[in-house]
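Data block below; observations after.
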There are 2 protein chains.
Amino acid sequence: MATIYDVSVLAGVSLATVSRVMNKNTNVSEKTRKKVLDAMAQLDYRPNAIAQSLASNCSNSVGVLVSQLDGPFYGPMMTEIEASLRAAGKHVIIAAGHSNEAQEKEAVEFLLDRGCDALILDVEAVSDDYLIALCRQHTPIVFINRYIAEIRERCVYLDNELGGYLATRHLLSLGHRHIAYISGPLFKLDARQRLSGHKKALVEFAVAYESELFYEGTFKESSGSDGMRHLLSLQRPFTAVVCANDQMASGAIATCLEQGLRVPEDLSFMGYDNIPFPQYISPKLNTISNPIHEMGKMAALWVLKHVYNKADVEVTNRFTPSLFIRDSARRLP
Amino acid sequence: MATIYDVSVLAGVSLATVSRVMNKNTNVSEKTRKKVLDAMAQLDYRPNAIAQSLASNCSNSVGVLVSQLDGPFYGPMMTEIEASLRAAGKHVIIAAGHSNEAQEKEAVEFLLDRGCDALILDVEAVSDDYLIALCRQHTPIVFINRYIAEIRERCVYLDNELGGYLATRHLLSLGHRHIAYISGPLFKLDARQRLSGHKKALVEFAVAYESELFYEGTFKESSGSDGMRHLLSLQRPFTAVVCANDQMASGAIATCLEQGLRVPEDLSFMGYDNIPFPQYISPKLNTISNPIHEMGKMAALWVLKHVYNKADVEVTNRFTPSLFIRDSARRLP
DNA sequence: CTGTTAGCGCATTCAA
DNA sequence: TTGAATGCGCTAACAG
């Protein structure tokens, strides 16, 4: 591997001059610039990014920490982040925290140690205090899907309570009065907020909350199935089910269909997140939009703006969900 | 940020000694080791990974390049790779190539420049020659989803032709004789191989290949819908459709259901990849397994074995697909 | 406009 | 067992 030194020798200039042309420093005559460029080409020179980072204290890379690497939720988010950052010549180092406190912390420290210029974190298991302390570090950090008042200008998040409210209100407005709820794991803030919105809508329509019709799932398809089986076993009447995400809704609907129930004729459903797949199933799922890709993009823009002084755009912190009406809920006669 | 120098001063030892205890070098007396460890703890010392990489020429990180960051295919693969590597104390830098030659090359060079100890590549757009040349570099590289004879021991791949064969043979064995085919983009090797297996099965059953019943899609849901609409518009009889992946199959089935066709009563379907979601839709999709997560794991093991001299496991290069029979195809009377 | 000189934080000889 | 010295490849003052 050729080094900057080899280039300088071949070009007959000093080391510093080579560095200057690399960094587009204008104080180089066209003639010497060309000599250097030629030498670089001839040696197939590639700058050593590690050495650049060490010397400049800037790695041109930003660390991204998500809960999982797979799934319909984080994929689009990472895609947007990567695309936005790459378009600005920055690169992305991705790690997974697996919703586990130790792993999340370890990943954060890894990214910090790797000299990332900034971090974009989607973390669920670590405490608010930990994150607030983290912000006192010199590496700038943005948070996705999390709202912490003390550092609110670094948070990019969805109004999950509003989404939960919209989902349930839609069913209520269709005449449903006995509505089951398959929740995400309640240790997650977004799951709690969605549930809170659900209850708010019930109150608004003066419908009692039936705690028997509540099931705490895991946000995965299989727990939607499990939840549905549980609810059906109750022998307690209900005409609709709100699921805290589309994956659980899909699992729940599949279970209904297996048991010979029709959707939405026998049971109406609402999902949440508007992930791509359920558009292609039958019945098409009603859901709440979750502009996760836009939030990813916004986090990337935040970094571009605050860390790299690019992108003079306005950063929106709070995103608003909206209702998608398709074929999985019907109006009660 | 405390440096190794700060630690050495506080501990009253030399810089080299601190380095020794960090690297678990045994030639340090218990007493001084303890002094150093104490100093580290006191200063909350975290080694600078960048500096370590530069000095040791080893970054403890491996680069992973996939086509996309989202989707049901690459997600599980990345998850396995990350988990296997992290368990060994190694880290992962992920980039996306977007099935585009320039972007794939750029990403490869980025990962190389970042000082990755090894690369795991899932690339589609670059040529075999480029990859063969890449292998002459000093950074070890392993390929997923690609077979190149000259560097076969670095390839981890699926027998796609066999999978295509199994899919079509299943339908043929159920009595289908007019089988449409919705293909992946033919510039991708796996799409061509799956199609080749399809034709092989037809030959075996002495059934003519009807080129009118062929549609070249993109591997995305929407192209499954498009393909289905095209096939239906042909007014040419067929009783089954083989789709080159599950996503297109889902799109195609959705379109059929929309148009009032029943699956599998009116039309039988086969998918490919066995992605999670279609298990939760109705009808449950027949498909071909694609052990992408195992392939990801195997690639990680390859790196652990050949680069870090860990994991004395046997590396399997070729994976064999198998048939999953569920509810989307019926036997013809 | 260009060259010289110091580091960046750490690993690694080579002596002691 | 420990310390001093050197260098990894590059950037960034500071001179000239």
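Chain letters run A, B, ... following the sequence lines, proteins first and then strands; every chain starts at 1.
The shortest side-chain heavy-atom distance between B:Leu119 and B:Leu65 does not fall under the 4.5 Å cut-off.
Of the residues in residues 35-42 of chain A, none has a non-hydrogen atom less than 4.0 angstrom from any atom of DNA chain D.
Distances shown here put every side-chain N or O of B:Thr32 at or beyond 4.0 Å from the OP1 or OP2 atom of D:dT1.
Residue pairs meeting the ring pair (Phe, Tyr, Trp, His ring centres under 6.0 Å) criterion with at least one partner in residues 127-154 of chain A, sequence neighbours excluded, are A:Tyr147-A:Tyr157. Evaluation of the ring pair (Phe, Tyr, Trp, His ring centres under 6.0 Å) test over residues 40-67 of chain B, restricted to residues two or more places apart or in two chains, returns none. Under the salt bridge (Lys or Arg N to Asp or Glu O under 4.0 Å) criterion, the residue pairs touching residues 84-94 of chain A are A:Glu82-A:Arg86, A:Arg86-B:Glu106, with sequence neighbours excluded. Listed by first and then second residue, the ring pair (Phe, Tyr, Trp, His ring centres under 6.0 Å) pairs that reach into residues 63-89 of chain A come to none, sequence neighbours excluded. Residue pairs meeting the ring pair (Phe, Tyr, Trp, His ring centres under 6.0 Å) criterion with at least one member in residues 80-127 of chain B, sequence neighbours excluded, are A:His91-B:Phe110, A:Phe110-B:His91. For residues 131-150 of chain B, the salt bridge (Lys or Arg N to Asp or Glu O under 4.0 Å) pairs, not counting sequence neighbours, are B:Asp128-B:Arg146. Identified under the salt bridge (Lys or Arg N to Asp or Glu O under 4.0 Å) test for residues 46-58 of chain B, with sequence neighbours left out: A:Glu109-B:Arg46, A:Asp113-B:Arg46.
For the salt bridge (charged side-chain N to carboxylate O under 4.0 Å, His left out) test, no residue two or more places apart in sequence or in another chain qualifies with B:Lys220. Remark: A:Glu80 pairs with no residue by the side chain to side chain donor-acceptor pair (under 3.5 Å) rule, at least two apart or across chains.
Residue B:Ser53 is out of contact with every strand shown, counting any heavy-atom pair closer than 4.0 Å.
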Between protein and nucleotides 9-16 of chain C, what N or O pairs are separated by less than 3.5 Å?
unit_1, atom_1, unit_2, atom_2, d
C:dC10, OP1, B:Tyr45, OH, 2.5
C:dC10, OP1, B:Asn48, N, 2.9
C:dC10, OP2, B:Ile4, N, 2.4
C:dA11, OP1, B:Asn23, OD1, 3.4
C:dA11, OP1, B:Asn23, ND2, 3.4
C:dA11, OP1, B:Gln52, NE2, 3.2
C:dA11, OP2, B:Ser19, OG, 2.8

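One can place CG of B:Asp113 at 18 Å from P of D:dC8, the figure rounded to the nearest angstrom.
The C1' atoms of five pairs define one axis at each end of the helix from C:dC1-D:dG16 to C:dA16-D:dT1, and these two axes lie 40° apart (to 10°).
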